[in-house]
Amino acid sequence: MEEEMAILALDQGQTKTNALLLAENGEILGIGMAGGASHYKDGLAKASAMMQEAADNALSLAGLQRTDITQVCGGIAAANWPEEVTMLQEEIKNVFQVENVTVLNDCVIALRAGTDSDDAIVLCTGSGMNSAVFAGGKLKLVYNNYIDLYDQGSEGLGARAFQAVFESHMCYKEPTTLEKRLMDHFGIQDMDQLMLAFYKNHLPRPLKDVAEIVFEEAAHNEPAALEIIYSFGKSISQYVIGAVKRFEVDPADFKVILSGGVFKNPNPLLYETVCSQIHRVYANIRIEQSFYEPIIGAALMALDEMGPKKDEAHEKCKKDALERGLVRRTCF
């Protein structure tokens with residue numbers, strides 16, 4: 001490669017870490033993957049190791065070296081507070097020996113992947129959940145730790161399932177098949193012990209895995225599972241409604257982007273609930289599933305620093321992303 005800028009885009013979540021290399025003209029040069037990590041839950045050393053592994057895999061495919069990287073733009077899980085962003089920036093600068101480093105919460109690159117609009121919000125629901133707001137072309141808000149436990153993506157759906165099971169067990173609510181499904185899933189056949197494991201964070205398997213059980217039971221019209229999905233969708237819709245009010249944006253000019261693995265589920269209830277709840281308040285707001293994978297959002301944000309959003313480099317990046325299948329497969 002001649003003296004051409006090599007941009008490293010990073011997308012790190014709890015499930016996986018993606019890396020993408022692109023040229024200054026928007027051409028995608030290589031893609032790499034590694035395991036997921038969060039500096040908050042797993043420590044900075046593991047988070048950094050996964051970023052480096054993904055980047056090295058991308059470099060290998062592109063036939064490049066770390067010394068060819070001159071810019072990094074990363075959407076990193078749990079980059080919530082200024083001190084965390086600074087810590088992650090310094091780590092990336094150190095391991096890749098690059099000064100031009102931008103670190104954002106991973107939901108921000110998911111938003112950029114979904115739209116070129118200057119006025120938009122993303123509901124990013126994966127293992128956890130976060131939301132970011134662009135207004136007037138500037139990043140105005142990332143909800144971060146203001147997201148309620150029961151809204152935290154797959155983990156939030158899992159927590160809601162446990163609540164439904166406990167209420168059923170105590171005869172507050174009607175019996176639910178989720179009770180047996182959860183006991184079988186976690187291998188704990190005593191409800192008191194299962195409840196204790198949940199509240200002490202000692203579950204033998206990840207809480208986020210329960211979301212799939214909820215969707216499976218909902219597919220069989222299980223009332224408690226359907227209510228969990230409905231209540232979850234109703235709750236997360238409030239982040240959009242609140243953002244419109246807080247930043248006084250015109251709903252007709254505001255776009256809602258849905259991203260993350262939870263919104264890929266073929267059950268229509270969550271998508272329809274979010275749309276209906278938002279449209280009950282703002283009927284003219286536009287709601288769309290994000291087309292590109294979040295890693296493309298990181299690449300586009302790096303290119304945003306160099307030129308207009310509709311220039312040839314941006315269009316080349318999108319074209320290459322489509323050809324490489326870096327798009328989200330959704331049912332709605």
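In this chain, residues are counted from 1 in sequence order.
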Is the closest side-chain heavy-atom distance between D106 and I76 below 4.5 Å? no
Strictly by ring pair (Phe, Tyr, Trp, His ring centres under 6.0 Å), give each pair with a member in residues 223-276 just once, sequence neighbours left out. Y143-Y239, Y271-F332
Could you pull out all residues at least two apart from E312 that satisfy side chain to side chain contact (heavy atoms under 4.5 Å, CB included)? none
Can you list every pair that meets ring pair (Phe, Tyr, Trp, His ring centres under 6.0 Å) and has a residue in residues 273-314, with sequence neighbours left out? none
In the hydrophobic clustering that connects Ile, Leu, Val, Met, Phe, Trp and Tyr at side-chain heavy-atom distances below 4.5 Å, which members other than L111 occupy its cluster, ordered by chain and number? L104, V108, I109, V122, F134, L139, V142, I257, M301
Distance-minimising heavy-atom pair for M50 and A37: CG-CB, 4.0 Å
Got a sec, which residues hit salt bridge (Lys or Arg N to Asp or Glu O under 4.0 Å) with E217, two or more places apart in sequence or on another chain? R181
Checking A164 now: which residues fulfil side chain to side chain contact (heavy atoms under 4.5 Å, CB included) with it, not counting sequence neighbours? I228
Between the side chains of T273 and Q277, is a donor N or O closer than 3.5 angstrom to an acceptor N or O? no
Only pairs at least two apart or in different chains count here, so list each ring pair (Phe, Tyr, Trp, His ring centres under 6.0 Å) that has a residue in residues 171-194. F162-F186
Taking atom NZ of K316 as the centre, does the number of heavy atoms from other residues, nucleotides or ligands within less than 6.0 Å exceed 12? yes
Can you give me the closest heavy-atom contact between N267 and N265, atom names plus distance? N-OD1, 2.9 Å
Have Q97 and T67 got a donor and an acceptor in their side chains that come within less than 3.5 Å? no
Side chain to side chain donor-acceptor pair (under 3.5 Å) pairs, two or more places apart, involving residues 189-204: D184-Q189
Residues that E212 engages under salt bridge (Lys or Arg N to Asp or Glu O under 4.0 Å), provided they are two or more places apart: none
Residues in salt bridge (Lys or Arg N to Asp or Glu O under 4.0 Å) contact with E323, at least two apart in sequence or another chain: K319
Kindly check if the number of other-residue, nucleotide or ligand heavy atoms within 6.0 Å of CZ (R280) is above 12? no
Decide yes or no for T17 and E53: does some side-chain heavy atom of the first lie under 4.5 Å from some side-chain heavy atom of the second? no
Please identify each residue that fulfils salt bridge (Lys or Arg N to Asp or Glu O under 4.0 Å) with D118, with sequence neighbours left out. K309
Enumerate the residue pairs fulfilling ring pair (Phe, Tyr, Trp, His ring centres under 6.0 Å) with a member in residues 66-86, sequence neighbours excluded, ordered by first and then second residue. none
